[in-house]
S.K.: 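After the structure tokens below, expect a handful of questions from me.
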Amino acid sequence: MENMIPCPAVDQEVFQRVWQRVMEGRDPAGSPIQSGPPVGEGDLSCACLEALIRQNSAGLPPECAGGGEPPAEPAPPAGPELPGEPQPPAAEPGPEAPAPESPGPDSAPEGCTPPSGRPCRGNDLPQSWEAPQNTDDRTARMRRHVMDALEGWQFYRHLSRRARGGCARTLNAMAGEQHREARRLAAAYFLLTGLRYWPTELLGAPAIPSYWGALRQRHQAEQRLENSFRLAADDWDDQEMLALYNGLADGCQGRCRQLRELLEQDIT
């Protein structure tokens with residue numbers, strides 16, 4: 001088609017013949033290309049001739065009458081967008097976040113959650129025993145007994161790591177028994193004084209030179225504690241305190257028997 005459209009340096013008469021063939025049966029006077037001097041004082045450009053053919057004999061565009069170029073065609077309308085990834089909608093400003101509410105009186109205190117299994121006491125803990133207090137010999141001795149029970153718990157725990165099998169299980173059970181006794185004494189101390197006493201931070205690693213030596217050492221300690229509990233029971237007229245100290249003395253007697261049995265099993 002480009003060879004049929006006259007461009008610069010091509011005779012306009014060639015286009016006249018092409019035009020007559022395309023526009024056969026129409027008035028030849030309607031052709032924008034006439035014989036004689038060229039229209040527009042020179043050859044028509046290829047762009048003007050293409051515009052002429054697209055207009056289907058509607059005449060030469062006025063922009064080409066003076067040898068100019070036809071105006072640029074408007075850009076075709078944008079077609080429908082191809083399906084692709086959905087664009088997220090523009091974020092709209094939402095309502096401002098509410099200010100954090102101050103904890104109410106019924107809210108749980110920090111660090112106290114239901115899964116912990118511990119009661120939520122908050123700031124309701126009583127004062128520790130270091131606070132100024134009026135004490136007598138009985139309460140001071142009770143603090144000593146709490147510490148003795150905690151030391152026994154620590155001793156049996158470490159000693160169980162030196163044993164195996166049934167001996168280790170027995171020593172672990174004795175450690176649990178000593179821990180329960182310490183809790184009973186600490187609860188009794190609070191009921192008497194209104195102060196709490198649980199000095200686990202004062203515990204250290206016990207000296208265990210040898211397994212047999214540790215069994216003998218602890219057997220002697222249990223005998224001393226039994227005598228101390230029997231003497232402390234004589235200072236109380238309260239039936240609950242009497243039952244507490246008598247039970248502690250019986251526990252010492254039972255552990256002495258268990259320690260003797262451990263030696264008998266291992267002495268062969």
Side-chain angles (χ1 to χ4, degrees), residues 108-109 112 114 116-160 166-204 206 214-264:
C112 181
S116 65
R118 296 182 288 109
C120 298
R121 294 187 296 266
N123 295 325
D124 195 32
L125 288 175
Q127 294 180 349
S128 63
W129 70 276
E130 289 86 356
Q133 55 182 307
N134 296 322
T135 60
D136 53 18
D137 293 341
R138 295 187 301 181
T139 55
R141 186 164 49 203
M142 187 175 292
R143 290 199 302 272
R144 179 65 254 176
H145 291 158
V146 173
M147 190 66 186
D148 288 339
L150 289 173
E151 288 177 348
W153 165 63
Q154 186 84 326
F155 191 93
Y156 286 123
R157 286 176 58 223
H158 282 76
L159 186 58
S160 65
C167 294
R169 289 191 293 271
T170 300
L171 291 170
N172 277 323
M174 295 167 70
E177 183 180 349
Q178 287 273 262
H179 193 268
R180 288 190 294 272
E181 290 181 353
R183 293 172 65 91
R184 293 174 62 190
L185 285 165
Y189 181 80
F190 172 73
L191 291 175
L192 291 172
T193 64
L195 302 173
R196 53 191 172 93
Y197 182 70
W198 192 252
T200 53
E201 69 279 359
L202 302 179
L203 295 176
L215 291 178
R216 180 178 180 272
Q217 176 184 349
R218 193 60 203 171
H219 185 275
Q220 294 174 346
E222 294 289 356
Q223 287 180 329
R224 291 192 300 269
L225 283 174
E226 180 183 359
N227 293 332
S228 177
F229 291 151
R230 300 291 184 192
L231 292 175
D234 296 338
D235 295 337
W236 294 93
D237 296 331
D238 186 270
Q239 294 299 319
E240 291 186 359
M241 295 302 299
L242 286 173
L244 171 62
Y245 274 109
N246 287 330
L248 293 174
D250 293 341
C252 291
Q253 192 174 41
R255 285 189 293 275
C256 284
R257 183 174 58 253
Q258 288 177 303
L259 291 170
R260 186 182 301 110
E261 291 174 355
L262 290 176
L263 279 172
E264 292 172 354

S.K.: From Cys256 SG over to Gln220 CD, what is the distance, rounded to the nearest 0.5 angstrom?
M.R.: 10.0 Å

S.K.: Could you check whether any side-chain heavy atom of Gln178 comes within less than 4.5 Å of a side-chain heavy atom of Arg255, counting everything from C-beta outward?
M.R.: yes

S.K.: One thing to verify: whether Arg260 and Glu264 come together as a salt bridge, which I'm taking to mean a side-chain N less than 4.0 angstrom from a carboxylate O.
M.R.: no

S.K.: Applying side-chain hydrogen bond (donor to acceptor under 3.5 Å, both in side chains), can you list everything that pairs with Gln154, at least two apart in sequence or on another chain?
M.R.: Arg157

S.K.: Is there a side-chain contact between Leu248 and Leu244 in this structure, where contact means two heavy atoms from C-beta onward sitting under 4.5 Å apart?
M.R.: yes

S.K.: May I ask you to decide if the ring planes of Phe229 and Tyr245 are parallel, tilted or perpendicular, using 30° and 60° as cut-offs?
M.R.: tilted

S.K.: Rounded to the nearest 0.5 Å, how far does CD of Glu151 lie from CG of Leu202?
M.R.: 9.0 Å

S.K.: Do any N or O atoms from the side chain of Arg138 and from the backbone of Asp235 form a donor-acceptor pair under 3.5 angstrom?
M.R.: yes

S.K.: A side-chain contact here means heavy atoms from C-beta on lying under 4.5 Å apart; do Met142 and Met241 qualify?
M.R.: yes

S.K.: Side chains of Leu203 and Phe155: does their closest heavy-atom pair fall under 4.5 Å?
M.R.: no

S.K.: Would you say that Met147 contacts Tyr197 through its side chain, given a criterion of any heavy-atom pair below 4.5 Å between the two side chains?
M.R.: yes

S.K.: Is any side-chain heavy atom of Thr139 closer than 4.5 Å to a side-chain heavy atom of Leu195?
M.R.: no

